[in-house]
Protein chains: 2
Amino acid sequence: MRTPPADRTRTGARVRTRPIPEATVARLPVYLRVLGELAAQQIQTVSSERLAEAAGVNPPKVRKDLSYLGSYGTRGVGYDVEYLVYQISRELGLTQDWPVAIVGMGNLGQALAGYKGFGERGFRIMALFDKDIERVGQTVSGLTIEHIDDLEGSLKEKDIRVAIVATPAQAAQETAERLVAAGVRSILNFAPTVLTVPDKIHLRQVDLSVELQILAFYEQRNAGKKRTAAAGDGAH
Amino acid sequence: MRTPPADRTRTGARVRTRPIPEATVARLPVYLRVLGELAAQQIQTVSSERLAEAAGVNPPKVRKDLSYLGSYGTRGVGYDVEYLVYQISRELGLTQDWPVAIVGMGNLGQALAGYKGFGERGFRIMALFDKDIERVGQTVSGLTIEHIDDLEGSLKEKDIRVAIVATPAQAAQETAERLVAAGVRSILNFAPTVLTVPDKIHLRQVDLSVELQILAFYEQRNAGKKRTAAAGDGAH
DNA sequence: AACTGTGAACGGGTTCACAGCC
DNA sequence: GGCTGTGAACCCGTTCACAGTT
């Protein structure tokens with residue numbers, strides 16, 4: 001690369017020339033996790049080959065993905081683990097803290113409230129809500145569960161704009177609407193139902209059974225093959 | 001389509017001519033969920049347009065996806081909800097039951113054990129394991145938690161070939177290896193670490209914080225715009 | 001020598017437009 | 001008339017090959 005980094009500010013932040021492809025954005029968290037594990041093992045440098053293997057992709061893809069962030073590697077050497085962690089974190093917006101609320105304190109809500117992976121990435125669980133009077137007032141992961149009717153006031157007070165929905169399916173849509181009304185801009189939905197929100201709201205859906213269904217699809221194929229084989233083998 | 005369904009057996013099962021694209025397989029569970037909700041509302045027929053909207057995709061994509069399964073729609077009318085549910089279920093291998101084990105009975109494991117969405121899709125949670133003596137013997141969702149040392153015997157006895165890993169990160173790799181040794185062929189990993197398994201094993205990873213990180217990325221953009229503007233900066 | 005960074009070729013997946021059918 | 005099914009065009013993303021750098 002001949003041109004000096006005219007597309008960089010002096011903090012190293014790259015002025016976005018071209019947007020990062022969605023597919024790449026979706027892989028950055030995976031790289032981040034792998035890099036975190038490498039850092040924990042005191043490994044200082046990593047090649048695209050090693051990173052690729054750990055992340056379950058191929059080396060050129062790693063290099064291409066990382067090149068969208070900037071030229072943060074060293075030819076002949078590899079990538080500095082710590083520096084790369086920082087750059088990816090910054091790109092994903094994880095160098096700042098994100099206050100997060102969870103609505104629905106059943107098993108899943110409780111599991112999410114205690115999930116270490118959030119805190120490590122800057123997501124601070126700051127408020128928990130439930131409809132059930134029995135649960136309100138209980139402490140989960142150091143936070144007191146508030147009643148859902150305090151949602152609006154509490155969120156505004158704490159300036160929370162990211163929320164996780166972990167309610168039963170039938171309560172999810174109403175919950176989402178209240179969240180939006182209370183100023184929430186991003187919603188992560190774990191409830192097993194499809195939510196409708198205004199266009200400006202970022203919504204992502206996690207269906208815990210989707211991955212299992214995908215596994216079943218591929219497993220079924222094999223099973224099919226196997227059984228046929230077992231019934232009079234020939235194919236291996 | 002002029003040719004008669006020479007690629008169909010008399011049960012309506014399509015003899016796979018071309019493999020279903022991976023991207024389509026990943027969307028089938030979403031359609032299935034939406035169709036389930038429509039069926040619950042007694043809706044009998046749905047157009048690709050309505051289905052697309054509820055699933056968060058566009059109509060041609062729905063039609064293309066469904067066309068890989070066969071011609072199960074009626075021109076001028078739409079798709080029969082119930083029939084389509086059946087066809088997608090069959091394609092995904094959900095018309096049979098899948099016995100499933102869960103290893104790691106912390107909050108997340110317990111939440112998964114009680115997750116309704118599994119049972120609705122034919123996934124039967126048949127065994128729960130934990131390392132902690134305190135937990136062994138306790139009942140969760142009608143099942144008694146077994147000690148991890150009984151893993152091999154119990155899995156073989158129950159002929160379980162699909163397992164969910166919900167252990168802490170440091171125990172996940174060892175758990176996976178024991179599962180594989182015990183004959184498990186598909187693993188769904190919720191532990192926040194990257195697993196290595198033999199090629200023949202189907203592995204899928206669910207990282208509860210990945211989606212939140214993706215949300216943060218897009219949220220940051222907006223916020224960035226906002227704050228820059230607020231700070232009086234000229235660049236937009 | 002080793003490994004990154006990237007234009008270019010390639011391919012899978014998405015979208016389009018319309019033919020086909022009810 | 002309305003809606004599906006699908007070849008063809010298009011496009012995003014992946015892969016390749018190698019130039020560039022330490």
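In what follows, chains carry the letters A, B, and so on, assigned in the order in which the sequence lines appear, proteins first and then strands, with residues in each chain numbered from 1.
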Checklist line | Separation of C:dG12 C1' from B:D65 CG (nearest whole Å) | finding: 13 Å
Notebook entry, point to check: In terms of side-chain heavy atoms of B:A23, which of C:dG5, C:dG13, D:dT14 is nearest?
Noted result: C:dG13
Note to self: How many whole angstroms separate atom CD of B:E22 from atom P of C:dT14?
What the structure shows: 11 Å
Notebook entry, point to check: So does A:T74 get a side-chain nitrogen or oxygen closer than 4.0 Å to the phosphate oxygens (OP1/OP2) of D:dT22?
Noted result: no
Check: Is there a donor in the side chain of A:E91 and an acceptor in the side chain of A:Q87, or the other way round, less than 3.5 Å apart?
Finding: no
Check: Where the side chain of A:S71 is concerned, which of C:dC3, C:dT6, C:dG13 is the nearest nucleotide?
Finding: C:dT6
Check: How many Å lie between NZ on A:K61 and P on C:dG12, as a whole number?
Finding: 13 Å
Next item on the list: Measure the distance from OH on B:Y68 to C1' on D:dG7 and round it to the nearest whole Å.
Entry: 11 Å
Item checked: Stepwise ring-ring contact (aromatic ring centres under 6.0 Å, His included) test for B:Y72 and B:Y79 -> CA-CA 7 Å; B:Y72 295 139; B:Y79 301 88; 9.0 Å; no
Next item on the list: Using a strict 4.0 Å threshold on nitrogen-to-oxygen distance, state whether B:R185 and A:E219 make a salt bridge.
Entry: yes
Notebook entry, point to check: What is the nucleic acid contact for B:R27, judged by heavy atoms within less than 4.0 Å: base, sugar-phosphate only, or nothing?
Noted result: sugar-phosphate
Notebook entry, point to check: Looking only at atom types and distance, does a side-chain atom of B:Q213 sit under 3.5 Å from a main-chain N or O of A:V25, one as donor and one as acceptor?
Noted result: no
Checklist line | Spacing between B:L51 atom CG and D:dG5 atom C1', to the nearest angstrom | finding: 15 Å
Note to self: So, OP1 or OP2 of D:dT4: does either fall under 4.0 Å of a side-chain N or O from B:S48?
What the structure shows: yes
Check: Does a nitrogen or oxygen in the side chain of A:Y79 sit under 4.0 Å from OP1 or OP2 of C:dG5?
Finding: yes
Checklist line | Length of the CD-C1' vector between B:E53 and D:dC3, whole Å | finding: 17 Å
Check: When the ring planes of B:Y218 and A:H202 are compared, do they come out parallel, tilted or perpendicular, using 30° and 60° as the limits?
Finding: tilted
Check: Pick the nucleotide of DNA chain D nearest each of A:G76 and A:R63; which residue has the one closer to the 5' end?
Finding: A:R63
Notebook entry, point to check: Rounded to whole angstrom units, what separation is found between the CG atom of A:L69 and the P atom of C:dT6?
Noted result: 11 Å
Note to self: Measuring to OP1 and OP2 of D:dT14, would you say a side-chain N or O of A:N58 lies under 4.0 angstrom away?
What the structure shows: no
Next item on the list: Please report, rounded to the nearest Å, how far the P atom of C:dC22 is from the OH atom of B:Y72.
Entry: 17 Å
Notebook entry, point to check: Hey, does the side-chain of A:R75 have a donor or acceptor N/O within less than 3.5 Å of a partner on the base of C:dT4?
Noted result: yes
Next item on the list: Please determine if a side-chain N or O atom of B:K64 lies less than 4.0 Å away from the OP1 or OP2 oxygen of C:dT14.
Entry: no
